[in-house]
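For reference, the structure is listed below as structure tokens.
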Amino acid sequence: AAQDKKDIATVVKIAGIQWFNRMEEGVKKFAADTGNNAYLVGPAQADPQQQVALLEDLIAKGVNALAVVPMSPEALEPVLGRAQAAGIAVVTHEAASQQNTSYDLEAFKNEDFGANLMEQLATCMGGEGEYAVFVGSLTSQTHNQWVDGAIAYQKEKYPKMTLVGDKNETFDDQQKAYDKAQEVLRAFPNIKGMQGSASTDVAGIGLAIEERGLADKTCVFGTSLPSIAGQYLESGAVDGIGFWDPAVAGYVMNKLAVMVMNGETVTDGMDLGQPGYEKIKLDGKVIYGQAWVNVNKANMAEYPF
Amino acid sequence: MSSSHAMPLISIDGVTKTYAGITALDDVGLTIGAGEAVCLAGENGSGKSTLIKILAGVERPDRGRIGFAGVEQGPLNPRLSAAAGVMVIFQDFSLFPNLSVAENIAFSASLASHRRLFRRSPVRKLALATLNRVGVDLDPDAPVETLSVAHKQLVAICRALACDARLIIMDEPTTALTEREVRVLLDIIRRLKADGVAVLFVSHKLAEVLEVCEKVVVLRNGRKVIEGPAAEFDAASLTRHMTGRDVAETPPDPVPADAPVLLQVRNLTKAGAFEDVTFGLRAGEVLGISGLLGSGRTSLAKALFGLVLPDGGIMTVGDHSVPLGDPLAAARAGIGYVPEDRLTEGLFLMQSILRNVGVGRLDAHSSAGMLDFAALGRDATDWLRRLSVKAPDSAAPVRSLSGGNQQRVVLARWLARNPRLLVLNGPSVGVDVGSKADIHGIIRDLSRRGLGVIVISDDLPELLATCHRILVMKAGRITGEVAGRETTEADLAHRLAS
Amino acid sequence: MRNLNLAALVASPEARLAVIAVVVFAVMSALSPDRFLSVQNLTSMAFQFPEFAILSLAMLLTMLTGGIDLSVVGIANLSAIVAALLLTAFAGPEATGGAAVLWLAVALLAALAVGAVAGLFNGVAIAVFGLPPILATLGSGLIFTGIAVALTGGSALMGFPGVVAFLGNGTVLGVPAPLILFALLAAGMAWLLGRTAFGLRVQMYGANPLAARFAAMDVTGLLIRVYLLSGMLGALAGMVVMSRANSAKADYGSSYLLLAVLIAVLGGVNPYGGYGRVIGVVLAVLTMQFLSSGLNMLGVSNFARELIWGGLLIFVMIVNTRLVYRPRAAAKPGPSA
Amino acid sequence: MRHVDFSRNETLVALVILAFCAAATLADPAFLSMPTLTDLLRGGIVLGIFAVAALLVLISGGIDVSFTAIAAVSMYSTAMALNTFAPGVPWGVAFALGMTIGAGLGCINAVFIAGFGLPTLIVTLGTLSMFRGFMLAFIGQKQITTLPSGMREFGRMMMIRGTNPDGSFYSLPLAFAFLVGAVVLTWVILHRTMLGRQVFAMGGSLESARRVGVNVKGAQFFVYIYVGALAGLAGVIHASMTRVANPFDLVGLELSVIAAVVLGGARLAGGYGTLTGTLLGVALIVLVRNSLIVFGIPSTWQSVAVGVLILIGTGLPAWQAKRAAARAA
Ligand SMILES: Nc1ncnc2c1ncn2[C@@H]1O[C@H](COP(=O)(O)OP(=O)(O)OP(=O)(O)O)[C@@H](O)[C@H]1O
Ligand SMILES: Nc1ncnc2c1ncn2[C@@H]1O[C@H](COP(=O)(O)OP(=O)(O)OP(=O)(O)O)[C@@H](O)[C@H]1O
Ligand SMILES: [Mg+2]
Ligand SMILES: [Mg+2]
């Protein structure tokens, strides 16, 4: 029936980038599958205030549900609170600390994901040597959690490895990641491993490694997408990447939004019907999947995005 | 070439130009023959510069015809005019401050030559040759922005001379020059005439005008009032045609014997500019300072107002010593300064006339932060009226005023502040005879009211007409002092040159 | 003062901007009447623009002197973070009543002090040391942001008493509190620029700094005060952002900087100094907000919005220069020097 | 006649660079090495070409903030067009196409600036968001990781190659030659052609230039088209070197580039600036950005360090100039 067709806006951190384009595929698939008017929007600039403004406008416009990937969860609390007060269903993604949301969807526990990357890095490095870590920005909570999780894991499991330097900030910019990687290689000539966080980090690192001909002597892991890091995976400059499929996350978020609108509740162990979310773990409002994917040269062809 | 008498080099006919309601030129006609020197005379704002800008292709007339060598011209632009051999020395010089002296001098010539490549050596050669011709010793590689106003003016003159011009237009080319340079320039004009180059000359210094020009054209309020051979005019008749009245200069009243000492300057020294300058000034006294180019007058004047920080010396106004190098302190001590370059130093060109006057009186008219605009306006309007500033609307930007009226606006600003001591650097630079006499009248009036006035000027008649005493500066030192009443122009000129 | 007749009114750039603002509003209303004209949307817009509108006022002030303040967003975040540190340390989310209000006042004062000190820093760099404003504030902006990151380690500060939310989200008699704050600031700025000696001096200085010096104006003090005020406006904007986000973080509002510059310029401020009016900036802010919310309603891509934005700026400039004769507002007025 | 002039920006910036290098070498003796040099030179290529472009505009008396958007649009549309229509063409074609697109966009700036007589800052502020908005809304948003083969090939071409003691390589891309080329060409235009002198003259005083008969509009068209072409070149080089055409790249650099140029002695008011100074300014910014780890400055303080450097780098010459002005008569 017509009144069942709901307006569901998925609001992402920034429009247009690969990651959220992939998420849009999931949102569109959801719209096609269910007949709801589901769509994805995002601000033109990576600024939490722009996201707030966009959300304000959507509330004023009168959407039925919001599926939000916050640029900065704290900054969105008031506006999401207003959305809920206006009777709009709110679900979030990548914002485990978010208060004003019905459910927050996490593909996994961030610390675990960081440890997972570290496990691969450590294995590759033979459990010893110097490594450095990169974050998109020092103000990004998720990036810091991944990196902190990884460092904690290394301290516990691989005491012979040493972290050199500070968290390197790349401003989500591949060129900056490249510059920083060069600098790290100069400052720490014995370095053997690097772990990236922003999807562009490993590509920048990979280029620096490749140009120096160090592909075989170093291990590079990080969060990225095959479409961004693919050529470096092929050349071996990057050894492996991890990610979760944003399309699936987008699909599940929208599904959760519909469930909230229908008054259904999510329970621990529930199957949300999508890969990686078959047996979710519920912790308060936070839903954890086991949705990470590790990709390397061998299996990258399976993920064409 | 023989047809030059039959066919004038330049013919202007029925030219009219209005600016937003102001008629700057009204149906003006004029011819200039080859080798002829024509003087364009007129009060401030009578339209002289406007006519020149039209000839130079900078402004378009609303109506009227312009012919070069008998050929009627379509709409002109600077390139077409230059190609026709019209070179202009603009009133504001129109130089390039960032380029060297040599490049500035050679610029128009290089443009005219249509060369695409640029080489330094011919440029320098041409510049040095032209500088030699004018007899100035300037470093051709110095950037123009570091030059004094006078040197800038010389560079502007050289730029026009460096081209193969058929008509050189000079819009007040001698305002910043001292006697000696003016002589050289007049000689050059004579030589140019001999070479068949025509000269259109604008100046408020009537003596020099009558000396070199064959023909005089007088404008008043944008209309041509008379045209005739120079021989038929003398300074007084010319003045009458320009102003419509007789202008007489009267010497200053004597300073009262009991007038207290207002300003004491002792051993003021600034390396490279002036040295060991000591003098006093009494209330009601007008003190002239004169000297040749680069003699340090301007530096000294600026130092008195704190714009230049001297290396040493003492300055007291009344009983209080004035901190050196601080214009605010100088202004607080009651010193005012009217700069020589009014366009860059004196005026806020885009701002209204009212604001330009009122800016000096902001504190007087504000209470608790609030500005009393009405009082400020009344105050400013009053001074504009007292100085008879010719302005259609005091809310109009000051840039729309003619040079002379602009100068009065700067004067009005300082007078409105009711200073104890006024330093006037070239008080009548670019000001017409009528206004000049008015300004001299103002100076006299100020001195009567007990103000101390320091006049820095190259204009010897002006110094004689206004000053009680005149200091002569040479190479940064005061080399002589004469009483205004006891000297003549010739004597003063001699003292300066020797 | 002159009589303002109709022709003179339409001849001013602000009047033309008003026409444009009305046209944009009308077009957006026509395109989505039920949504754009809803009370919901109108209030929502009124809550949205004060943040960057306050920054635009700071931009207006500095641009009037021929300068610019690229550090306002840095100042905003640094001040907000200092305020947030105080609030979280002394008045947690539990704090209510008088104590909470008191601490909010203290935090507000602290933020203003930080803004003033930061502005003073800019002012001294520019007026005393003679740095070009664009570079001085570019550099100092990096420093302020850097200090903000260092103070927080990069993460957001939150957990304020409930009253903090009022500044950005509350209403007084149905009028959004941030709008009231902006209206007060705009009126104050209009008063400052139009009715005080300071304001007139700012405009005169912008018109010709050299002549200002020759007119015995205290240019050093003037510039320092301008940047100090700009810093304090930045601090206030930071407080509004903090209240609306209920948190403070080093990277909030990064997109506001260029926006504030664009708004000031669209509002008719001459970036080379000497001309600019508050009303122009207010109209530019409104135009911007109508456009932005309207296009969001219509679901137009945010990138197309950037395109429209740039186009609007140039269009307004063409109208301004073509319709009326205006002498070339060059950086350096005419003559040879 | 003049000796070493310590009031010149060039001298001061050079001194700051030397001091910085000396300190870095003290902190880490390995700092003075080929890889450091090649890394820094490589890091300066795109920034350097941008700076040359920005310098030209500053000298002409304008200011251009749109060149990064021009570069991004040229880079992205070139990669997109070649991938779609002619993926196999040699790199020269990609460069020609990128520069043509850049020149075309520069021409749009020129139409507004020279044709309509609008202030340069406002025009380029407007076109900055127009160009970028147009590209992202209508050309595309996805980054292109598979560049046309010509660009990929160019990205791997090196001028200098060598091996470090530890077996790793250092190299300087061929793209560096384009920076050198841009500098030389711009120098010749500025100092050896009348056009260049007219650009200087316009920066000194636009009104005077008009009065003496400089073809101001023509010269402005030249400046903005040339700058557009340089930006297009920088864009294509950027994509080739990073092996990705990301439409979100480059925009945002404009102020840092202008800062580098002003650091090198160019004046925002126009008419002044040297290529030597500009390159020194770029060198200083690149050096500082890429050497903070050597000093062990924690990430949280790095932006403070860059800010302090900009302040010192511009503050020293500004303070010198102010003192000189106070000393002068
Ligand atoms: N750009 C302008 N806009 C408006 N009015 C102008 C403009 N230029 C000149 N005028 C007006 O035109 C008239 C003639 O000015 P012009 O500069 O030609 O006078 P002038 O004879 O050269 O005076 P002076 O001896 O002071 O140089 C004046 O009333 C002046 O105010
Ligand atoms: N600090 C300094 N170092 C070197 N030379 C200086 C210094 N100050 C002034 N001069 C030079 O001393 C001379 C005197 O300068 P000043 O401008 O005062 O001369 P002037 O007589 O007022 O000239 P004008 O006729 O232009 O008014 C000039 O040649 C100037 O360049
Ligand atoms: Mg004149
Ligand atoms: Mg002098």
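All heavy atoms count here, side chains included; hydrogens, waters and symmetry mates do not. So that the names make sense, note that chain A is the first sequence line, chain B the second, and so on, each numbered from 1. Since the model is a prediction, treat every value here as computed from it, not as a measurement.
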Cut-off 4.5 Å, heavy atoms of chain D, and the answer for L266(C) is neither
Turns out that what part of A125(C) lies under 4.5 Å from chain D's heavy atoms comes down to neither
Handout entry: Audit row: V304(D), L142(C), side-chain contact (heavy atoms from CB on, under 4.5 Å) steps and yes/no
Key = CA-CA 6 Å; V304(D) 175; L142(C) 284 172; over 6 Å; no
Here the pair of heavy atoms bringing A150(C) nearest to T300(D) is CA-CB, 4.2 Å
Most contact-rich option vs chain D, by heavy-atom pairs under 4.5 angstrom, among L135(C), L313(C), V149(C), is L135(C)
For A259(D) and L138(C) the tightest heavy-atom approach is CB-CD2, 3.7 Å
Heaviest contributor of heavy-atom pairs below 4.5 Å to chain C, chosen from S303(D), G313(D), A305(D), P298(D), is S303(D)
Exercise for the section: Answer yes or no: does atom CZ of R211(D) have more than 12 heavy-atom neighbours from other residues, nucleotides or ligands under 6.0 Å? Expected result: yes
CG of N270(C) to CD1 of I122(D), rounded to nearest 0.5 Å, is 7.0 Å
- request: Please test I314(C) against M130(D) for side-chain contact (heavy atoms from CB on, under 4.5 Å), starting from the C-alpha separation and ending with a verdict.
  value: CA-CA 10 Å; I314(C) 292 182; M130(D) 276 173 78; 4.0 Å; yes
Close side-chain approach of W319(D) to L131(C), heavy-atom, < 4.5 Å
no
Taking every heavy atom of L118(D) against every heavy atom of M317(C), the minimum-distance pair comes out as CD2-O, 3.7 Å
Value for CZ (R323(D)) from CZ (F129(C)), rounded to nearest 0.5 Å, stands at 11.0 Å
Original post:
Can you tell if the side chain of F131(D) reaches within under 4.5 Å of the side chain of L307(C), non-hydrogen atoms only?
Top reply: no
If one checks every heavy atom of F112(D) against chain C at 4.5 Å, the contacting part turns out to be side chain
Heavy-atom closest pair (G130(C) atom, A318(D) atom, distance to 0.1 Å) is O-CB, 3.2 Å
Rounded to the nearest 0.5 angstrom, the OG-CD1 distance for S140(C) and I310(D) is 9.5 Å
Notebook entry, point to check: Do Q141(D) and F303(C) come close enough that some side-chain heavy atom pair is under 4.5 Å?
Noted result: yes
Margin query: Are the side chains of L258(C) and L125(D) in contact, using a 4.5 Å heavy-atom criterion?
Written below: yes
One option among S256(D), S129(D), A137(D) has the most heavy-atom pairs under 4.5 Å with chain C, and it is S129(D)
Next item on the list: Check the surroundings of atom NZ in K322(D): do more than 12 heavy atoms from other residues, nucleotides or ligands lie under 6.0 Å from it?
Entry: yes
So, the part of L128(D) with a heavy atom under 4.5 Å from chain C: the answer is side chain
Under 4.5 Å to a heavy atom of chain D? For I147(C) that would be both
ask   = Heavy atoms, side chains only, cut-off 4.5 Å: are Y272(C) and L268(D) in contact?
value = no
Separation between CG (L121(D)) and CE (M63(C)), nearest 0.5 Å, reads 6.5 Å
Interface check, chain D: of V128(C), I308(C), L312(C), most non-hydrogen pairs under 4.5 Å belong to V128(C)
